[in-house]
Structures are given as structure tokens and as C-alpha cells.
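Bear in mind that the values here come from a model prediction, so they are computed numbers and not experimental data. Basis for what follows: all heavy atoms, side chains included, without hydrogens, waters or symmetry-related copies. Residue numbers begin at 1 in each chain, while the letters A, B, ... track the order of the sequences.
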Amino acid sequence: MELSFIPIDYDYFDFQGENYIKIIGRTKDGKRVCLIDNCDVYFYAILKENLSESKINQIIEKIKRIQLKEGARLSKVIKVELKDKNFLGEKVNALKIYISNHKDAKKISESLPHKYFKHIRELDVNYITRYIIEKKLFPLIWHKISGEVLNNSEEFGGIDSVLEVDFCIKIEKIEKSKEQPEFKPKVMAFDIETESFEIGQGEISMISLYDEKIKKVLTHKKINSKEKYIEYYDDEADMLEAFVKIVKKESPDILTGYFSDGFDLPYIKARAEKNRVKLSLGLDGSQLKFSGGMSPRGKIFGIVHVDLFKFIQTAYSQYLESETLGLNDVANELIGEKKSDYEFKPNEKMSEIDWKKFIEYNLQDSIITQKLFLKVWPDMIEFSKIIQEPLFHVSRDGMSSNVDNFIIHNLEKYNEIIEKKPIHDEIGKRRSEGKYEGAFVLEPKPGLYENVVMFDFTSMYASVIITYNLSKSTFLEKKEKNNIEVNLGNVKAYFTKKKGFFPEILEEIINLRKKYKKEYQQSPSPILKARSNAFKLIANAAYGYQGFFGARYYQREAAASTAALARENILEAIKKIKSYGYEIIYSDTDSIAFSQGKKSKKEILKMLDEINNNLPGIMELELEDFYKRGIWVTTRSGEVGAKKKYALINEKNKMKIRGFETVRRDWCNVARELQNKVLEKILSEGNEKSALEYTKKIIIQIEKREIEKEKLIIKTQLKKPLSEYKANTPHVTIAKKMLSLGIPVDPGILIKYYIAESDKKKSLARDRAKLPEEKTPYDIEYYLKKQVIPAVENIFHVFGIKLEDIIKGSKQQTLF
DNA sequence: GACTGAACTATACC
DNA sequence: ACGGGTATAGTTCAGTC
């Protein structure tokens, strides 16, 4: 049989002591198919130099005889081949040791004659990754498959008869299809509401499910509503059974939730256990499984469970402006949908109407989750195709894993043996190496500037890595002839000029990014945008990756050299721009702001060209934008210019605000909004007059207690468990109060509070911190002196105005 | 008891 | 444990006078 097939979910099983892969996917006409196949399982033992041919043959013969008994399984070496390979760019002789079961790789490696080997590698390449590398059956890409249909076959223990698929096929031939039509998966979203926020404590009140066909809320609460989407069940157990039944019947390709690895699925599992309900959601009847220890990942065979939160965290968060990564904020920003505002109440206090609203809210969450999924789907599918790892992994992995995997899947053409992941001791060693010097930041001279030009280096760190060939495999332990030398303060680092695979792969990523960006600009589509963006994200992560202790190709010197050469390049560019007679205002890492002065835009672009003609390698400086005005302020303490804090307005009146309190969520809105207004007025009008008037107005409103509570709320994130805090800050104090009221305070939540009035003049802020719903009037002095005035006084200082004098001069002098 | 600086904490920039 | 370093600024708290 021959068919067009797109792989969606990968899993493996053992049959007669050997490994097999089972892949669930779809055919072009929407049939669901399971493919069964296997591939060679092997690892490499890299030989020491100077071993004679006869000695090597002797070693091979010895290894061939290795056999291990693992429980009922007899594991053995199948064959051994001597190979010419590369390891970290060096030619090596390696034994490719084929074994019968990948689970025994480590055990078998332990019984090798280690004294003949420099390294043992590829023990930590998992079977699914190995299969994809070997057989080139890539995730979410269409393939032409030929094979034998298994129909009530005895083969593989009768696997085809338990699988709920249209066909089960044993693969004979795999070919990538020429045509790659868009694949639209069947996606079901779900969400639960519970009596408790702690996993498994208290019942699940309801479960909502949503896809193109299904729109349901399952509940065992007895309320009097005839809404069509509500399905009533006798108890929690019945409801859970119905959940399993509906998911199985609909059988989506993807089941998605928001934070569902961390909450919904673990909760469902805990309650199912309590109620003795089997969560046999897998296409082979297998149960929902969890893996991953500390941060569990819920897996269902054949239906890919995607926790949208995780993907958004790694692939989107750097572009989001949302204050939290909660479903509400993210959906609002990405798809413009707001959740219905429902206020949580303890169950026993809920009225009939509350329950109806709660059910509606629960359904709404699933609907939003599904829409959000469809919005980010182009990014997810492109990530999976580019990194060549299954959706299940790519949707959850962090960027370091993604970079790791991208490299692993691209090493074949370099004939490279894959480096191992670090384990405990190695991680500890790497972490103890300490920090290295990072980016250069120029101290600005505070002031309001007219006509500001901003240049920046395109993908600066990636360009530096490529231009100077910085990586683990190109790093030299000591100086060699004709190498690249980098000054790292008291020491020097050396890199060979012979192109390494890491910079070369990175260059390919950059080129592909350029290619797809161009294609996107010519004919925009979400897929092309996602593809271009995925390459950009991987390129941007490459620098952090080489300095990250968990990376396979970690090389601290390469990371330190990248930062050092970036500094060198930006300083050189600053010098160059200065030499053309421009006044430099500011610079941070890869960007330079300077005054246009009397020069024309044409002259500036000509200078840019000239600078670019002299830059090394692929380094490239580009125009970020021309700005009408920009403002830089001093630090709070005094005279020096504040770094990482400025505001600009371009010729289309679009503002770019960096670092100011306006963009910080741990300041109250009254201060943020005032500061934003002040910056806007000053930048668009070119003076401080109306901004000052506006500021006075707000100050008076605060003094008259005319500000609504909502605008005074300060939000601070709890970054770790309460018990680990050494300092009793206001937000920790409030978190403790919340805990005593029975509200869960897990790390990561945003603590909201305001500062209230108190008779004691000298009390600490934490003693006056109150929950938003408390009634004590707000502390006028605190909001003036600690929020509003600090937010704007540095800005007025630029114009020589001391805000305090102004206020003193007005009638409200009593406060000061 | 007022003052000062270090420690701790959160959040931004790139 | 699941990218890096640079930077500002708040609150608390221990030590000094």
C-alpha cells in the first residue's frame, strides 16, 4: 500500500526485546494511520590514537560478544563497525556499536574495555530522535509511505487490533512528498474548574471542551439551566468518564489547555485515581502518563497534548507586552479576546446565578484557548518542522533544548558524532565558573534632544559568532599559528580559522531567516512569517546557548569572546560615527543613538554605507529609525545619566519608551499613566509646560483622594516559595496574609496591594500594605512621595525644574 | 533615635 | 535546570554615631 502521510505523534514500544517506533498521523484524505517501523540502535566509542589495526580488530571481536540480561530481556551487541568520523571538528576513529535495545545502551557501554577509548558518545540520543535522523520521517511534513497493512496480524503482538486508527502499516519505504499542502489538525481545547487550587484537593466542578464541532461543559453540580451546552452528571466520577468518552469519540489530533501540564491534567489524574476512573485516552487504550519529574508533562499516545502556556513562554514572551503570561492577558494581546470577568467565590457561597456564570466562564476559557492555539499554530508547526522534533517536545522545550536539537538534526553532513548532555558534576563545574564581562552600555548625557538617529547591528551576537568562528569545536586550548585571538581582560582566548559546524549552521539559520523574511515581504502569509520568526528566535538564542551550563555545546570562552568582540565592534562604530562629526547620545549592546545635527538623512545613510563597507565578516549596521525627539534623564541619586532609560518619538508620532516606570508593572497605574502622559507631552510639544500643568492636576487629585483604588494597586510577583524569603517586603507580607485567608500563593503569582494610611507616622510600608479589597483610605503621602513624584521628577529635572519647589510654592505646602 | 549603607528583591534592556 | 550580562530602584535591616 502507498499513501501520503504526515507524522504527528511519535512513540515507541518493545517487541521481542527490540525497539519499534509507532507514529500516528493523517493521510491526505484525513484518515488516521499508525505506522510501525524500526531503525538501527547504536552509539559510538571513540578510539584512542596509535592503536594497531590488529588491536582494534581484537577489541571489536571482544565487544561483539557482549551480552546482558536485563530482567527477561537479553540485550546484546549486534555488530561493530570501525568508522572515520569527526568529533568536535577533529578526525577520529570510532567504533559504531549496534545494539538490540536502546534502553540498554548505558549498561552495555559500561562493560566496554574503556582503556582503549577517549570518549563514549550518543548514549543520550533518545530512540525517537534517532529514528527521525536515521529514517528521515520528519514531524509535520508530508511523506510518501509504502508498506504492508497489518490486519489482525500476529506481528508485534497484535498491535493493530487494539489501535483505534483507520490503518496500521508496517513501513517499507519513506520518501518526502514534493507537494506540502497546509495541514490543519483537529484541535480540541479543554479547561477545568475546581474546588481547590491545590492539585487533587477537592472535586472538579466542571470540565469544558471545545472544537469545531463540540461545545460542552460537563458538570455534576445541580443547577437549573437549560443551556444546550451544559451536560449534567450524577457525580464527579461520571463526569470524568464522560470526559474520557467524549475525547475518545472526537479523537482530536491535538488536545490543548493553558497551563494544563501544571494544573488541569495533574488535577484530572488525581481525581480519576480517587474515583477509580481509568483515563484510557490513548489510541491504544493506554492511560494518560506523566513524565519529567520536577515539571511533569502530560502525554497521551496518539493525541498530542499541548500546554499552550509553555510554548508561549518560550516562543512569544519576549514579544509580548502583557503584564502576566496568564490566559487572560495573553489572549487579550494576541487575539483581542477578553475572558468574561467572573469573580471567584468559595463554592459554598455561590448562588444559582453565580454557578451559571461560572459555567459560562469555564466554557469561554476553552473557546479562548482553542482560538489562541490556532493563532500560534503556524509558529508551532514551523518550529517542529525546522527543529525536526515532534510537536509534543517542541511545544514544551526551552530554547536551549531547541538549539540542541536543531544542531543534532543537522550534524550528518559534518560527519560529526554528537556531544553528550552535561550531567550533575559537569553542570556543577560549569555553573561555578562564574560570570564573564557582558555588553557595553554608554552613559548618556541627560537632556531633551531634537532629531535623533538610531542605528543597530543586525542579529549582532549571531553575526559575531559567525564572523569570528566562535564555538566549542573551534576553540583552541592554546595559541596556534594564524588563529583568531580574543582579549578577555586578563586572559586571551584562541579560535581556529577553519570553519566550525556551529558557526556554519548558525550562518545557514541566518541566511534562511533572510530568505523567508524576503519571501514573506513579497507574499505575506502566517506560515512564512512564522518560519522567518522561528529562524530568528533560534539565531538569537545561539549566544545564550553557548554560555548556558545545560548546553551540549557549551563553551564559556566562546560566549565571553562573543560579548568581548561585540563590545569591540560597537565601540569602533561609535568612534567612526563621531569622526563624521556627530554627537553620540547613547549606546547599549548593539544600538547607537546620535544627534542628526545639521546633516541630511541622505548624508547619514551614506555614512551608514561607508561604515558597512568596512565591517568585518557578516557584521552589518542598519538604520533603526529617525526620531523627532528623545529624552534621557539622570539616575534617581543624582548627576549621572541613567542607562537603559529613555523615550523617543518618531516622525509618525510613535513613541518608544524604554526602562521608565511606565513600562514597569511593579509601579501603580496612577504613576505610570502620569509619566506616560508627561513623556508624550514633552516629546510631542518639545517643552515641559503643559506636562507640568497636568502633573499639578494629578497631584491635587491625589491629595483630594479623588483617585480610584484600581489605579493605586501595586503588583509585585512572588518569585519563590514564601518560606525562602529572607526579607519581609510588602508583597511578602501581603502574600502571607493571603495564605492565612486560604488563598493559594504559589511562586509566580502577582501579589496585589496598596499602601494605606496609618496613625503611626514612621511605620514601614509593609505594615501599611493592604489587600485591594480592604477599606482603609490610601496613604496620600506615600503615593505622592514614593510613586507619583519619583516617576516624573527626573524628567522635569532635565528642564531645570525642581518639582518640590513648585509644589511648595503652591497652596499644598503642608505636606512637605 | 536618626542616619547610612549593605543586602535583598523585582524588573527592565538588549 | 532547561539562554546571557548590565542596570535602576525600591524596602528592609543592621550597624554607627
>> Of the options B/dA10, C/dT11, C/dA9, whose atoms approach the side-chain atoms of A/Lys645 most closely?
In response: C/dA9
> Among A/Arg665, A/Lys715, A/Lys752, which residue meets the salt bridge (Lys or Arg N to Asp or Glu O under 4.0 Å) test with A/Glu323?
Replying inline: A/Lys715
> Just checking A/Glu437: base, sugar-phosphate only, or nothing, at a heavy-atom cut-off of under 4.0 Å?
Replying inline: sugar-phosphate
>> Looking only at the side chain of A/Phe548 (C-beta and beyond, no hydrogens), which of the listed nucleotides C/dC2, C/dT11, C/dA1 gets closest?
In response: C/dC2
>> Which nucleotide wins on minimum distance to the side chain of A/Pro730, given the candidates B/dT11, C/dT11, B/dC14?
In response: C/dT11
> In whole angstrom, what separates A/Tyr725's OH from C/dT12's P?
Replying inline: 14 Å
> Counting just side-chain N and O atoms, does A/Arg664 come under 4.0 Å of either OP1 or OP2 of C/dA9?
Replying inline: no
> Charged N to carboxylate O under 4.0 angstrom, A/Arg430 versus A/Glu426?
Replying inline: yes
> Does a side-chain N or O from A/Lys644 land closer than 4.0 Å to OP1 or OP2 of B/dT11, or not?
Replying inline: no
> Rounded to the Å, how far apart are A/Leu722 CG and B/dT9 C1'?
Replying inline: 14 Å
> Ion pair present between A/Asp307 and A/Arg396, side-chain N to carboxylate O less than 4.0 angstrom?
Replying inline: no
> How many Å lie between CD1 on A/Ile570 and C1' on C/dT6, as a whole number?
Replying inline: 14 Å
>> Please pick, from C/dG4, B/dC14, C/dC13, the nucleotide with the shortest atom-to-atom distance to any side-chain atom of A/Tyr436.
In response: C/dG4
> Any Lys/Arg nitrogen of A/Glu781 or A/Lys785 sitting under 4.0 Å from an Asp/Glu carboxylate oxygen of the other?
Replying inline: yes
>> Check this one for me: any side-chain N or O of A/Lys719 less than 4.0 Å away from OP1 or OP2 of B/dA10?
In response: no
>> Parallel, tilted or perpendicular, judged at 30° and 60°: which one describes the rings of A/Trp632 and A/Tyr586?
In response: tilted
> Between atom CD1 in A/Ile751 and atom P in B/dT9, what is the gap in whole Å?
Replying inline: 15 Å
> Quick one: do A/Lys472 and A/Glu419 make a salt bridge, cutoff under 4.0 Å?
Replying inline: yes
>> Classify A/Ala727 by what it touches in the nucleic acid, base, sugar-phosphate, or nothing, heavy-atom distance under 4.0 Å.
In response: sugar-phosphate
> Reckon A/Gly550 touches a base, only the sugar-phosphate, or nothing at all at heavy-atom distances under 4.0 Å?
Replying inline: nothing
> For A/Ala765, which contact category applies under a 4.0 Å heavy-atom criterion: base, sugar-phosphate, or nothing?
Replying inline: sugar-phosphate
>> Side-chain N or O of A/Tyr553 versus OP1/OP2 of C/dG3: is the shortest distance under 4.0 Å?
In response: no
> Given B/dA12, C/dG4, C/dG10, which nucleotide is nearest the side-chain atoms of A/Tyr543?
Replying inline: C/dG4
> Which nucleotide sits closest to the side chain of A/Met399: C/dG3, B/dT9, C/dA9?
Replying inline: C/dG3
> How close or far is atom C1' of C/dT8 from atom CD of A/Gln675, stated in whole angstroms?
Replying inline: 13 Å
> Between B/dT11 and A/Gln717, is there an OP1 or OP2 to side-chain N/O distance shorter than 4.0 Å?
Replying inline: yes
> When you check the phosphate oxygens OP1 and OP2 of B/dA10, does a side-chain N or O of A/His731 lie under 4.0 Å from one of them?
Replying inline: yes
> Closest to the A/Lys435 side chain: C/dG5, B/dA12, B/dC14?
Replying inline: C/dG5
> In whole angstroms, how far is the C1' atom of B/dA6 from the NZ atom of A/Lys726?
Replying inline: 13 Å
> Taking atom types as they are modelled, is there a donor-acceptor pair under 3.5 Å from the base of C/dT8 to the side chain of A/Arg636?
Replying inline: no
>> Between A/Arg766 and C/dT11, is there a contact of a side-chain N or O with OP1 or OP2 at under 4.0 Å?
In response: no
> When you check the phosphate oxygens OP1 and OP2 of C/dT11, does a side-chain N or O of A/Tyr782 lie under 4.0 Å from one of them?
Replying inline: yes
> Is the closest basic N to carboxylate O distance between A/Arg636 and A/Glu661 below 4.0 Å?
Replying inline: yes
>> Whether A/Tyr646 contacts B/dC14 is assessed here as follows: a side-chain N or O lying under 4.0 Å from the phosphate OP1 or OP2. Is that the case?
In response: yes
> Within this structure, what is the CH2-to-C1' distance between A/Trp632 and B/dC13, rounded to whole angstrom?
Replying inline: 14 Å
> Roughly how many Å is it from NZ in A/Lys310 to P in C/dA1, rounded to a whole number?
Replying inline: 16 Å
> Of the candidate nucleotides C/dA9, C/dT12, B/dC13, which contains the atom at the shortest distance from the side chain of A/Trp667?
Replying inline: C/dA9
